[in-house]
Amino acid sequence: MATQITTGTSELRELTKIERIGAHSHIRGLGLDERLEPRANSQGMVGQAKARKAAGLILKMVQEGKIAGRAILMAGPPSTGKTAIAMGMAQSLGSDVPFTMIGASEVFSLSMSKTEALTQALQRSIGVRIKEESEIIEGEVVELQIDRSLTGATKTGKLTIKTTDMETIYDLGNKMIDALAKEKVLAGDVIVIDKASGKITKLGRSFARSRDYDAMGADTKFVQCPDGEIQKRREVVHTVSLHEIDVINSRTQGFLALFAGDTGEIKSELRDQINTKVGEWREEGKAEIIPGVLFIDEVHMLDIECFSFLNRALENELSPIVIMASNRGMARIRGTKFRSPHGLPVDLLDRALIISTKPYEQQDVEQIIQIRCQEEDVTLTPAALAVLTTMALETTLRYALNLISTANILARRRGVPAVDTEDLRRCYLYFLDEKRSVQWLKEQQGSLVFDEINAEEDGGTRMDVS
Ligand SMILES: Nc1ncnc2c1ncn2[C@@H]1O[C@H](COP(=O)(O)OP(=O)(O)OP(=O)(O)O)[C@@H](O)[C@H]1O
Ligand SMILES: [Mg+2]
């Protein structure tokens with residue numbers, strides 16, 4: 001039996017995204033020009049020209065929407081901008097193309113199997129652009145009459161609406177009256193009512209009524225009274241991901257699961273039904289598939305089962321572009337005894353195009369620090385900038401970036417507007433970087449709880465990942 005497959009877009013459109021100042025909030029794109037050449041310092045991006053250009057090429061490929069199922073690996077030492085470049089790609093893709101970002105360890109969840117988690121991530125990265133004809137009522141409100149019963153429990157009403165060619169009276173139910181009241185619809189407003197969802201949109205006030213009131217806000221928009229029929233069919237286009245269609249149609253969860261994030265496993269038979277339905281829509285010209293991007297950060301944390309699942313999934317017709325990032329050198333493949341470059345099995349590496357990122361030069365580091373200072377609204381004296389740049393080169397870029405906000409607190413405590421070398425020096429003493437922390441651990445040997453495991457057993461070049 002074929003279930004009714006819905007897309008639930010009217011609810012989804014209400015979803016808004018919240019932004020905060022985070023480690024990558026200064027990144028607003030890849031900073032490439034029209035010829036895909038990287039600009040020296042643009043959209044928050046500095047240096048790393050080759051990798052950015054490569055990312056730009058891939059972006060072009062995604063935007064053209066023709067190629068699916070490719071794997072890309074970004075490999076390079078820590079804090080060389082792998083995650084930053086992925087964020088830049090996400091920003092440049094446009095709102096229509098889905099971009100999903102997961103950390104590989106998210107796959108190991110208690111509520112679902114590894115392969116289900118990966119499938120959901122893949123489904124999130126495939127967009128379906130759906131053309132729907134919806135029936136609307138559009139016109140200028142002539143009169144809105146509402147009668148309340150004595151108790152106020154029931155309301156009845158009549159809405160008279162017109163276009164330049166006709167006029168009609170509609171009976172109103174409780175729900176519609178509430179919706180009209182919420183939108184503060186008055187006679188003289190030009191409105192659109194979506195018949196399926198009952199959603200009311202106010203387009204503005206009719207020109208004919210522009211002289212009725214003196215006291216009108218400056219933001220009042222005047223529009224022409226529409227012409228033609230009051231009831232019309234209109235084509236609307238919206239994009240949802242396959243995962244959203246899956247969740248909305250899984251009876252046990254309902255669309256609220258999208259907000260709670262607690263989607264559980266989705267039955268494979270439901271997925272099959274949806275894929276068939278989407279296939280039908282495609283043939284009828286009602287829907288279009290948009291392969292997006294799935295970014296798997298710290299990909300060496302996946303295990304051998306996930307890797308072989310990915311190998312197969314990449315060959316699927318409905319597959320997004322999968323970008324992976326890893327900072328490991330030769331490392332053990334999780335779940336096996338074998339070592340392999342980047343901790344990835346060679347058959348997956350063979351399918352992947354590899355982009356490498358390199359440590360930054362002094363000039364780039366200085367510019368990244370300046371960009372971060374602007375983002376965090378911190379002023380550095382020229383001497384402090386020079387010191388922080390040297391620190392970044394001797395410790396790590398991340399350590400230096402982390403000192404910006406802490407040093408700023410010290411500077412504010414001193415009552416000065418700009419961070420100086422003195423604040424940085426104090427922060428440097430308060431907070432250890434990686435090298436000094438290792439050194440400190442060596443000095444403290446024995447006094448801390450637990451001792452090291454036999455180094456021979458460690459499969460990774462940086463740390464044990466299993
Ligand atoms: N080219 C760049 N332009 C501007 N900011 C950058 C650039 N590269 C890195 N950054 C910033 O430096 C910090 C560290 O970079 P990022 O987190 O991308 O490193 P990574 O390669 O993902 O490291 P890891 O392997 O440890 O995950 C971030 O705050 C990032 O936004
Ligand atoms: Mg990273």
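When a ligand or atom number is given, it counts from 1 through the structure's own listing order. We number each residue from 1, following the sequence as shown.
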For this session: Evaluate the side chain to side chain contact (heavy atoms under 4.5 Å, CB included) criterion for residues Glu138 and Leu203: first the C-alpha distance (whole Å), next the side-chain angles of each, then the deciding distance (0.1 Å), finally the verdict.
Result: CA-CA 10 Å; Glu138 184 181 23; Leu203 298 182; 3.4 Å; yes

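Under the 30°/60° scheme for interplanar angles, the aromatic rings of Tyr428 and Tyr399 are found to stand perpendicular.
Asn327 lies apart from the Mg ion (ligand 2) in this respect, since none of its N, O or S atoms is found at a distance under 2.8 Å.
Among Met74, Lys82, Gln367, the residue whose heavy atom sits closest to atom 21 (O) of ligand 1 is Lys82.
Here Asp364 has no heavy atoms under 4.0 Å from ligand 1, in either its backbone or its side chain. Contacts with ligand 1 closer than 4.0 Å are made by no heavy atom of Met87, backbone or side chain. Within the 4.0 Å heavy-atom criterion, the part of Leu401 lying near ligand 1 is the side chain and not the backbone. When heavy-atom distances to ligand 1 are checked against a 4.0 Å cut-off, Arg52 has no atom that comes that close, whether in backbone or side chain. At a heavy-atom distance under 4.0 Å, only side-chain atoms of Ile368, from C-beta outward, approach ligand 1.
No hydrogens or angles considered: nothing links the side chains of Gln370 and Glu366 as a donor-acceptor pair under 3.5 Å. Defined by atom type and a distance below 3.5 Å, a donor-acceptor pair is missing between the side-chain atoms of Glu376 and Asn408. A donor and an acceptor atom, one from each side chain of Glu305 and Thr115, are nowhere located under 3.5 Å apart. Looking only at atom types and distance, the side chain of Glu116 has a donor-acceptor partner in the side chain of Gln120 under 3.5 Å away.
An N or O contact shorter than 3.5 Å links Val46 to ligand 1 by distance. Between Ala23 and ligand 1, a contact under 3.5 Å exists for at least one N or O pair. Taking only nitrogen or oxygen atoms, main chain and side chain alike, Pro78 does not reach within less than 3.5 Å of ligand 1. Between Asp297 and ligand 1, a contact under 3.5 Å exists for no N or O pair. Residue Ala84 has at least one N or O atom closer than 3.5 Å to an N or O atom of ligand 1. At least one N or O atom of Ser79, backbone or side chain, sits closer than 3.5 Å to an N or O atom of ligand 1.
Between the side chain of Gln91 and the backbone N or O of Gly29 there is no donor-acceptor pair closer than 3.5 Å. A donor-acceptor pair is defined here as one N or O able to donate and one able to accept, closer than 3.5 Å; no such pair exists between the side chain of Thr336 and the backbone of Arg332. Remark: the backbone N or O of Lys184 is paired with a side-chain donor or acceptor of Lys202 at under 3.5 angstrom. With hydrogens and angles disregarded, a donor-acceptor distance shorter than 3.5 Å links the side chain of Gln48 to the backbone of Thr80.
Shortest contact from atom 8 (N) of ligand 1 to any protein heavy atom: Tyr360 OH, 2.6 Å. Among protein heavy atoms, atom 22 (O) of ligand 1 sits closest to Thr83 OG1, 2.6 Å. Residue, atom and distance of the protein heavy atom nearest to atom 9 (C) of ligand 1 are Gly81 CA, 3.5 Å. In this structure, atom 4 (C) of ligand 1 lies nearest to the protein heavy atom Gly44 O, 3.0 Å. What sits closest to atom 24 (P) of ligand 1 on the protein, heavy atoms only, is Arg398 NH2, 3.5 Å. Looking from atom 30 (C) of ligand 1 to the surrounding protein, the closest heavy atom is His24 ND1, 3.5 Å.
Interface of Asn327 with ligand 1, defined as ligand atoms under 4.0 Å from a residue heavy atom, comprises 24 (P), 25 (O), 26 (O). Near Met45, meaning under 4.0 Å from any of its heavy atoms, are these atoms of ligand 1: 1 (N), 2 (C), 3 (N). Counting atoms of ligand 1 from 1 in the listed order, those under 4.0 Å from a heavy atom of Leu397 are 12 (O).
Nearest approach of Cys306 to Val107, heavy atoms of both residues: SG-CG1, 4.0 Å. Taking both residues in full, the closest heavy atoms of Gly81 and Tyr360 are given as CA-OH, 3.8 Å, listed atom of the first, atom of the second, then distance. The nearest pair of heavy atoms linking Ala104 to Met301 is CB-CB, 3.8 Å. Annotation for Met45 and Ile85: closest pair CE-CA, 3.6 Å, computed over non-hydrogen atoms.
Residues forming a side chain to side chain donor-acceptor pair (under 3.5 Å) with Glu235 (at least two apart in sequence, or on another chain): none.
The shortest separation from a heavy atom of His26 to ligand 1 is under 4.0 Å, placing the residue in contact. A heavy-atom separation below 4.0 Å is not found between Ile371 and ligand 1. Proximity of Glu298 to ligand 1 is established by a heavy-atom distance of less than 4.0 Å.
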